[in-house]
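A quick write-up on the structure given underneath.
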Protein chains: 2
Amino acid sequence: MITDMKHVENTTEYLLEHEVKPSFQRLRIFDYLNEKHNHPTVDNIYKELVNEIPTLSKTTVYNTLKLFTTKGIAQVINIEDNETRYDSDTSTHGHFKCLNCNKIYDFSLENSHFNIPDLDGFENKQTHLYIKGICPSCKNE
Amino acid sequence: MITDMKHVENTTEYLLEHEVKPSFQRLRIFDYLNEKHNHPTVDNIYKELVNEIPTLSKTTVYNTLKLFTTKGIAQVINIEDNETRYDSDTSTHGHFKCLNCNKIYDFSLENSHFNIPDLDGFENKQTHLYIKGICPSCKNE
DNA sequence: GTATCTGCAAAACATTTGCAATTCT
DNA sequence: AGAATTGCAAATGTTTTGCAGATAC
């Protein structure tokens, strides 16, 4: 991984702080994002969690992720057009997708000189930087 | 508009140079992208062009855009997760979407200090920068 | 007991696929 | 005629919606 993850320690408190009632399903979905930070799709989350929550429905996963993004504790990643992915790290950071192994890496934007040119009068509320290419592991094969 | 568009003058020649046989439908679809450069969805293109080409099908629009992206004369814009948009300007440039009026603006990345940090060993093949916020027109209302 | 949350089933969209008809040379 | 292109209809996949039952306070 290129950069350190923001990691939430107490999920229940964190949800409450962001006006999200910590139901069992919501806690497990947030924990999944927070612990694996693997940028999963709805289907990834559902398939993994249905093992431990057999009654789970995809509708709940959709509802929960929409709630999380609305409350600002998750962000959408649109690095590929046929799959919506999610990230519980809501800080501004970049995503690198390897075109060979499809793995998604995070990287910090803090140390980069990231100046938006000629944006006078444009108010920047969200920055999404996606880079695609070949990762070091795949390069060395 | 924040930056100047790349504008193709002779569409037929341009398609031939990129190994795309210039059928009537392909010419009209490319011209639409090139003249309006309004980052349309498949549905936008279809609804507009079906007026002048009554037999046009969405399948053809899909086929054509896939061909264009494969041949490198159009690029996909994933600034929003529920809609795939297209741009005939394949140069690396940023996109700004106004959260109020939904208009998408282009901006140049050439004058910015755009240094990807800690990307040693990562080979950058495509850069996509999306910024969302409020545009000047909407701010002044 | 009332609000909220969950999850099923159906609906709504977006995109892809198979194939037959059309067009171009 | 032969090859490529187009377009219809059906299939697939993803996300949303309506509503009824379950859960929480």
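A note on names: the letters A, B, ... follow the listed sequences, proteins ahead of strands, and every chain is numbered from 1. Side chains are part of it too, since the values below use all heavy atoms of this structure and drop only hydrogens, waters and symmetry mates.
- D:dT14 atom P lies 11 Å from atom CZ of A:Arg85, rounded to whole Å.
- One finds no side-chain N or O of B:Lys66 lying less than 4.0 angstrom from the OP1 or OP2 phosphate oxygen of C:dT15.
- Here C:dT16 presents its C1' atom at 13 Å from CG of A:Asp81, a figure rounded to the nearest Å.
- One interatomic measurement links the two molecules: OH of B:Tyr46 to C1' of C:dA14, which rounds to 14 Å at whole-angstrom precision.
- Checked against ring-ring contact (aromatic ring centres under 6.0 Å, His included), A:His95 has the following partners two or more places apart in sequence or in another chain: A:His39, A:His93.
- Annotation: salt bridge (charged side-chain N to carboxylate O under 4.0 Å, His left out) contacts of B:Glu19 (sequence neighbours excluded): B:Lys71.
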Which letters describe nucleotides 2-12 of chain D, given B = protein heavy atom under 4.0 Å from base, S = only from sugar-phosphate, - = neither?
--SSSBBB---
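- Spacing between atom CG of B:Asn44 and atom C1' of C:dA14 amounts to 13 Å, rounded to whole angstrom units.
- Rounded to whole Å, the distance from CD on A:Glu83 to P on C:dA14 is 19 Å.
- If you check the side chains of B:Asn44 and B:Thr41, you find a donor sitting under 3.5 Å from an acceptor.
- Heavy-atom contacts from other residues, nucleotides or ligands closer than 6.0 Å to NZ of A:Lys139 number more than 12.
- Listed pair B:Tyr62 / C:dT16 fails the phosphate criterion, with no side-chain N or O lying under 4.0 Å from OP1 or OP2.
- The list of ring-ring contact (aromatic ring centres under 6.0 Å, His included) pairs with a residue in residues 42-70 of chain A, not counting sequence neighbours, reads A:Phe30-A:Phe68.
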Atom pairs and distances, donor-acceptor, side-chain atoms in residues 48-56 of chain A, under 3.5 Å, two or more places apart:
unit_1: A:Glu48; atom_1: OE2; unit_2: A:Lys36; atom_2: NZ; d: 3.4
unit_1: A:Asn51; atom_1: ND2; unit_2: A:Lys47; atom_2: O; d: 3.4
unit_1: A:Asn51; atom_1: ND2; unit_2: A:Glu48; atom_2: O; d: 3.3
unit_1: A:Glu52; atom_1: OE1; unit_2: A:Arg28; atom_2: NE; d: 2.9
unit_1: A:Glu52; atom_1: OE2; unit_2: A:Arg28; atom_2: NH2; d: 2.8

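- Between the CD atom of A:Glu19 and the P atom of C:dT4 there is a distance of 14 Å, rounded to whole Å.
- Backbone-only engagement by B:Thr84 is indicated by non-hydrogen atom pairs under 4.0 Å involving sugar-phosphate atoms exclusively.
- Going from atom NZ of A:Lys47 over to atom C1' of D:dT14 covers 12 Å, rounded to whole Å.
- When both pairing distances are held under 3.5 Å, D:dA9 makes a Watson-Crick or G-U pair with C:dT17.
- A:Arg85 pairs by the side-chain hydrogen bond (donor to acceptor under 3.5 Å, both in side chains) definition with A:Glu83, not counting sequence neighbours.
- In this structure, B:Leu65 places its CG atom 14 Å from C1' of C:dT16, rounding to the nearest Å.
- Base orientation at C:dA3 is syn, since its O4'-C1' glycosidic dihedral falls within 90° of 0.
- Judged by Watson-Crick or G-U wobble contacts below 3.5 Å, the nucleotide C:dG7 has D:dC19 as its partner.
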